[in-house]
> 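Can you keep this structure in mind? I'll have questions shortly.
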Amino acid sequence: MFDSLYIGATGMVAHQNELDAIANNIANINTVGFRRGVVSFEEVSSQLIPTALGPLAPAAVRNAASAQGAGSVAQTSLSTLAGPLESTGQGLDVAINGAGFFEVLGHDGTPAYTRAGSLQVNSDGLLATADGSPLASQIRVPADAQSIVIGADGKLTATLPNSTTPVLLGRIELVNFPNPAALTAVGNTQYTAPPEAGTAQTAAPGTQGLGQLQQGYLETSDVQMTQEMVTLMLAQRGYELNSKVVQAADQLWSLVNGLTHS
Amino acid sequence: MSEISNLVGAVMGADAEALRVAANNVANAESTGYRRQIEVQHLDFSTVSAAHQQSMLHPPASSGTPSSPSLLPPTQLAVDTRPGTLKNTAEPLDVAIQGDGYFVVDTPSGEMLTRRGDFHANESGVLSAYTGDAVLGVDGTIKLPSGIVQIAADGTVRVGSATVGQLRAVSVSPGSQLAERADGLLEVRAGEQPTASTAVQFHQGFLETSNVQPVQEMLHMMQTVRHFEAAQRYMRAYDEMLDKAINDLGQI
């Protein structure tokens with residue numbers, strides 16, 4: 001009886017977390033380069049109920065130990081599916097047609113990874129993402145550079161005023177991980193790599209399983225409205241169902257309390 | 001004299017246990033590959049009551065877990081092995097087994113089985129299950145180089161044009177129970193030897209959902225609560241009867 005109350009509560013917390021993930025996905029349905037959070041439910045043993053419930057679990061639950069698995073938790077990982085590419089015609093918009101991430105230097109100087117390829121030249125004259133984080137490839141673009149071309153292999157060429165032939169300014173490299181689903185979102189559609197993601201492998205676009213670059217395109221978000229709505233409905237109903245379990249356990253308690261009359 | 005109260009107490013304990021099982025199923029209604037638990041109670045309450053009286057007279061040396069709410073012997077749990085439906089996720093490393101079979105996972109305490117096919121590549125590129133342990137193929141672990149992974153219906157794993165391994169599915173003899181570990185992996189009981197599955201198909205981009213049916217669990221829960229209520233009414237009636245016998249019988 002005691003157990004059922006808290007098992008039901010883990011189910012409610014898990015569905016609440018799922019709802020949070022759906023809200024985040026829907027809010028980012030038009031965010032360039034956004035990767036959907038995928039929620040997976042996992043069975044946890046009753047010893048882990050205090051962890052699953054967090055501050056909701058009273059001390060007494062920590063001592064309840066039964067052998068069978070009990071309760072569930074929701075875990076969010078990153079979708080590994082790319083969103084569709086959209087033509088923008090903008091010269092510095094670049095999409096990755098396949099696997100891989102751009103490596104940028106985040107605001108605190110540590111590497112971060114992104115697929116949002118709406119590039120610009122930042123105040124230091126370096127090629128950077130929309131929020132000003134420079135690419136790790138450190139490509140300096142002179143202010144008077146014209147007709148900038150980014151090749152499928154990442155080579156960036158431009159015509160400078162005093163010459164007619166294009167010059168090579170640098171090469172955009174891509175990074176991939178053995179386990180990209182473990183990347184952690186840190187805002188600005190940037191991700192950082194925890195140790196579970198594995199060692200970053202840097203290579204030129206189009207090699208080692210990495211995608212090619214496509215200039216003039218952007219990768220849209222991979223969130224699909226219908227899918228999110230269906231998941232939303234399920235999460236809501238799942239929450240409701242688990243709350244019924246808590247109610248039933250409560251009813252049992254109330255009956256026990258009514259065993260002695262007056 | 002206390003036999004009736006013991007009996008009714010035992011019934012209420014069994015109901016509380018039934019609700020715990022239903023709670024567990026409902027909490028895992030969306031857990032990938034979860035198989036519904038069924039409580040098996042073939043109880044003869046007269047023996048339960050006698051056993052309980054025995055234990056009251058001769059309490060065991062160690063008093064066991066204080067949290068155990070039940071006077072009954074622990075409920076036997078069986079696993080409903082009917083498969084769940086397959087859900088399309090389009091993720092390249094999600095694999096579902098169609099047919100009778102389990103994936104084999106290599107853990108520090110031996111080979112374990114699971115139906116959960118939400119795999120990922122770990123930090124060194126080895127195909128791993130949700131617990132982080134390596135998934136065993138026909139020729140051991142499967143290392144995935146970077147590239148597009150394709151898994152055929154027979155389990156052959158290809159990256160680009162190179163074959164890097166083949167997934168393995170095993171089955172256990174019908175009727176043998178698998179023990180569930182705390183992390184949800186299934187352990188084969190000692191003496192059992194799983195055999196290679198025949199006639200299973202692997203489906204890339206699919207996951208098996210749980211086989212919990214909300215309606216069924218809801219009905220079970222309603223029934224349990226009402227049954228508990230009936231037991232409580234009996235207990236109160238018995239209490240009233242004792243009250244009459246003790247307080248009213250001698251009065252003129």
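Proteins come first, then strands; the chains are lettered A, B, ... in the order of their sequence lines, and each starts at number 1.
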> Using heavy-atom distances under 4.5 Å, tell me whether A/A182 contacts chain B through its side chain, its backbone, both, or neither.
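Neither part.
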> If every non-hydrogen atom of B/F228 is compared with every non-hydrogen atom of A/V256, which pair is closest and at what distance?
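That closest heavy-atom pairing would be CZ-CG2, 3.5 Å.
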> More than 12 non-hydrogen atoms from neighbouring residues, nucleotides or ligands closer than 6.0 Å to CZ on B/F206, yes or no?
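Yes, enclosed.
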> Look at the side chain of A/S4 and the backbone N and O of B/A23, then say whether any donor-acceptor pair between them is shorter than 3.5 Å.
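No, the answer is negative, given that no donor and acceptor are paired below the 3.5 Å cut-off.
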> To check you understand the geometry: which heavy-atom pair defines the closest contact between A/L255 and B/Q232, and what is its length?
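Taking A/L255 first and B/Q232 second, the nearest heavy atoms are O-NE2, 2.8 Å.
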> Examine whether an atom of A/P180 lies under 4.5 Å from a heavy atom of chain B, and if so say whether it belongs to the side chain, the backbone or both; otherwise answer neither.
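A/P180 has no heavy atom closer than 4.5 Å to chain B.
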> Search all heavy atoms of B/E123 against all heavy atoms of A/P195 and return the closest pair with its distance.
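Residues B/E123 and A/P195, closest heavy atoms: CB-O, 3.6 Å.
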> Hey, does B/N122 have a side-chain heavy atom less than 4.5 Å from the side chain of A/N179?
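Result no, sub-4.5 Å side-chain heavy-atom pair not found.
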> For the pair B/E91 and A/L81, evaluate side chain to side chain contact (heavy atoms under 4.5 Å, CB included) and give the outcome as yes or no after the intermediate values.
CA-CA 7 Å; B/E91 289 280 342; A/L81 304 171; 4.0 Å; yes
> Count the heavy-atom pairs under 4.5 Å between each of A/M12, A/E18, A/Q227 and chain B, then report the option with the highest count.
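Ranked by heavy-atom pairs under 4.5 Å with chain B, first place is A/E18.
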> Side chain, backbone, both or neither: which part of A/A197 has an atom under 4.5 Å from a heavy atom of chain B?
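Backbone only.
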> Passes side chain to side chain contact (heavy atoms under 4.5 Å, CB included), A/L241 versus B/M218? Steps please.
CA-CA 8 Å; A/L241 190 59; B/M218 206 64 182; 3.7 Å; yes
> Is the CG atom of A/N257 crowded by more than 12 outside heavy atoms at less than 6.0 Å?
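Yes - once you tally the heavy atoms of other residues, nucleotides and ligands closer than 6.0 Å, there are more than 12.
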> Does any heavy atom of chain B fall under 4.5 Å from the side chain of A/L210, the backbone, both, or neither of them?
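Looking at A/L210, nothing touches chain B.
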> Provide the closest heavy-atom pair for A/Q208 versus B/S146 in the form atom of the first, atom of the second, distance.
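Residues A/Q208 and B/S146, closest heavy atoms: O-OG, 2.8 Å.
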> Determine, stepwise, if the pair A/L234 / B/E30 fulfils side chain to side chain contact (heavy atoms under 4.5 Å, CB included).
CA-CA 9 Å; A/L234 281 175; B/E30 283 197 63; 4.2 Å; yes
> Does the B/R20 side chain pair with the main chain of A/I7, one donor and one acceptor, at a distance under 3.5 Å?
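Not confirmed, B/R20 side chain does not pair with A/I7 backbone.
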> Ignoring hydrogens and geometry beyond distance, is a side-chain donor-acceptor pair present between A/E196 and B/H120 at under 3.5 Å?
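Short answer, no.
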> Where on A/S77 is there a heavy atom nearer than 4.5 Å to chain B: the side chain, the backbone, both, or neither?
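A/S77 has no heavy atom closer than 4.5 Å to chain B.
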